[in-house]
Amino acid sequence: MTVRTRFAPSPTGYLHIGGARTALFSWAYAKKHQGQFILRIEDTDVARSTPEAVQAILDGMHWLGLDYDEGPFYQMQRMEKYKQVIQQMLEAGTAYYCYCSKEELDALRESQMQAGLKPRYDGRWRPETGKVLPDAPKDIPPVVRFKNPMAGVVAWDDLVKGRIEISNAELDDLIIARADGTPTYNFCVVVDDWEMGVTHVIRGDDHVNNTPRQINLLKALNAQIPQYVHLSMILGDDGQKLSKRHGAVSVMQYDEDGYLPEAVLNYLARLGWSHGDDEVFSMAQFCQWFDLDHITASAAQFNTEKLNWLNAHYIKTMDLERLAEIVTPRLVKLGAAPAASPKLMDVLALYRERANNLNQLAAEIAYFYRTPAIHQADAEKHITEDAMPAIRHLYQELLSCDWTVEAIHKVIQETVTQFQLKFPKVAMPLRVMLTGIAQSPSIDAVMHLMGRELVLYRMSVYCKI
RNA sequence: GUCCCCAUCGUCUAGAGGCCUAGGACACCUCCCUUUCACGGAGGCGACCGGGGUUCGAAUCCCCGUGGGGACGCCA
């Protein structure tokens, strides 16, 4: 039997980091077993679902490169199927109409909570042999409830958490169709997973409580029960639960913040899963290695610093041409359109090991393509009167020396020697004049990249020549 | 409240009863490299939640406790 997994987000917000990891694991598991990965949009909550959220999820998946073999399927487009199954269940007696009003149910829940009980539907409209049901009120449109077994336990061997058993006494008759006829989440999931032949349900562990209900539903439909894989949640950097109000950001925000998708993916892959001591690996490698046995059952705290490290690693090692492509728009945003000279790829080759995100990288090289912003404190500290004679001399020498890193270095060295200074005494003011700040790669390499004309121009501003 | 889940360095984790004096990675600290900042290299700091069992032997298995989390919707 081929493996079929799915990612089934509800379009009520963007794709966040937890959802992304769930999608990644589902995707990888399908890839690993040459199976299919299905994308299904669970949009039955019409009030909260939006087309913008659908697009945001699609964008997030695309940015991460999580491609799907089937879908996206939209549950709202599958209404006929659901209604058909509900009708069958009604006829088979595995579901029934319930005429309780919302107010009635709220009151019931309230009183049960008061009494210290688990709030549950009390089965007042559940048909039972020998039981007399009240007359159906004409003014209340009924919901449809599933007739959950009263006795026994539901059990499954969760591929992450191990065996989980829940007593049916803990469960109540859940609503599978609202008063307006639209089916509800647990029911749609069951019908879809069944019909789409999903073999492994990989999802967040906030769904473990839904699993026994879904299994009962599946059994009532005589459907095959899939394997369940419940992933524990991802906590924020501060150890707190991620929520819309607190720290849960769109994966697209990572793009905006200068992260590479391969870094985010690699980071996520290692969050809650491991392969010995391996930390850095490609998605191709991940798909070969990925297994359910090494998924952690406990919650994992997100660590931005480790993500930064991975991001830096990928910036340092990725294809230069692609790096240039990605950095260009970020430079433009800073008002520094990359020009013909110096070649962006050459600049990046020298600078990329210094940055751990793309925005920072763009900001660091911007002065090649626009006037540098002079850092006042650095300027005051390094561009001092006693350094100026040497700088002026150097300016003259640079007018005509060979324009190679070695030649430039030699000229600076000779100047330093001639004026009996330490190397930094000349290099630091030079650095600030050319770049605006006191940190840069090797100054001769920077000058070489910058070109004679620009170097002399920026020096001249200070040399009063 | 009821049910369910979880528990190794600050963080992500390795660990399937002896290989554990508990390994790796991020972060942090020191040193080296160096012309500044980085990168890189070499070291260092640092953990099995507590208590009982089982066993010749427990981070690993069992029980209890504690702590954390989740679920209890005509949301998904």
Side-chain angles (χ1 to χ4, degrees), chain A residues 8-12 42-45 47-49 75 98 100-102 105-106 109 112-120 141-145 158 160-162 164-167 169-172 174-186 188-189 203-212 230 232-233 235 237 239 241 267 270-280 293-294 296-310 312 316 351-356 364 378 382 409 412-413 416 422-428 430-432 437-444:
Chain A
S10 67
T12 55
E42 311 220 315
D43 55 357
T44 54
D45 184 355
R48 294 199 304 154
S49 297
Q75 290 186 322
C98 166
C100 284
S101 66
K102 281 182 190 176
L105 291 171
D106 287 344
R109 205 171 2 249
Q112 285 168 331
M113 289 286 257
Q114 291 283 327
L117 298 169
K118 183 170 182 160
R120 267 193 313 222
V143 299
V144 178
R145 285 186 185 270
D158 195 284
V160 169
K161 307 227 180 232
I164 298 177
E165 290 186 16
I166 307 237
S167 168
E170 291 296 327
L171 274 21
D172 63 0
L174 73 151
I175 292 171
I176 58 175
R178 301 179 180 93
D180 66 5
T182 57
T184 58
Y185 167 74
N186 279 109
C188 295
V189 168
R203 62 190 0 172
D205 73 356
D206 47 333
H207 287 293
V208 299
N209 296 274
N210 289 323
T211 306
H230 285 106
S232 55
M233 59 185 313
L235 272 23
D237 244 328
K241 186 194 170 182
Y267 179 73
R270 274 291 285 104
L271 198 59
W273 175 83
S274 61
H275 185 265
D277 289 341
D278 295 303
E279 296 285 352
V280 181
D293 295 340
H294 292 84
T296 323
S298 56
Q301 191 171 317
F302 194 88
N303 186 232
T304 303
E305 281 171 336
K306 190 158 181 180
L307 206 213
N308 287 343
W309 171 75
L310 274 168
K316 274 182 287 193
Y351 277 74
R352 63 166 160 179
E353 68 183 31
R354 313 171 63 77
N356 58 29
E364 279 205 42
D378 284 346
H382 297 290
H409 182 84
I412 299 173
Q413 192 57 60
V416 161
K422 298 229 192 244
F423 199 100
K425 194 68 199 174
V426 172
M428 292 311 292
L430 205 46
R431 183 169 273 126
V432 177
I437 53 168
Q439 298 84 40
S440 82
S442 188
I443 193 63
D444 40 22

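The basis for the numbers below is simple: all heavy atoms, side chains too, and nothing from hydrogens, waters or symmetry mates. A, B, ... follow the sequence lines: proteins, then strands. Residue 1 opens every chain.
Ranking C72(B), C74(B), G70(B) by closeness to the Lys118(A) side chain, first place goes to C72(B). When distances run from any side-chain atom of Arg109(A) to the nucleotides A76(B), C74(B), C4(B), the shortest one goes to C74(B). For Ile443(A), the side-chain atoms get nearest to U35(B) when compared with the rest of C74(B), U35(B), A71(B). Listed candidates were C75(B), G73(B), C39(B). Nearest to the side chain of Pro119(A) is G73(B).
For Met233(A) and A7(B), the CE to C1' distance is 16 Å, given to the nearest whole Å. Across the protein-nucleic acid pair, Asp205(A) atom CG and C3(B) atom C1' stand 15 Å apart, rounded to whole Å. In this structure, Arg203(A) places its CZ atom 11 Å from C1' of A76(B), rounding to the nearest Å.
For Arg178(A) and A76(B), the shortest distance from a side-chain N or O to OP1 or OP2 is below 4.0 Å.
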Readout for nucleotides 12-23 of chain B: B = base within 4.0 Å of protein heavy atom, S = sugar-phosphate only, - = neither; 5' to 3' it is BSSS-------B

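Legend: residues meeting side-chain hydrogen bond (donor to acceptor under 3.5 Å, both in side chains) with Asn308(A), ordered by chain and number and at least two apart, are Tyr259(A). Residues forming a salt bridge (Lys or Arg N to Asp or Glu O under 4.0 Å) with Arg270(A) (at least two apart in sequence, or on another chain): Glu279(A).
Applying the side chain to side chain contact (heavy atoms under 4.5 Å, CB included) test between Val208(A) and each of Asp205(A), Asn210(A), Asp206(A) identifies Asp205(A) as the sole match.
Ring geometry for Phe423(A) against His409(A) counts as parallel: the plane angle stays under 30°, on a 0 to 90° scale with 60° as the upper cut.
Using a 4.0 Å heavy-atom distance criterion, Ser49(A) is classed as making no nucleic acid contact. Residue-level contact check: Asn210(A) touches the bases, meaning some heavy atom is under 4.0 Å from a base atom.
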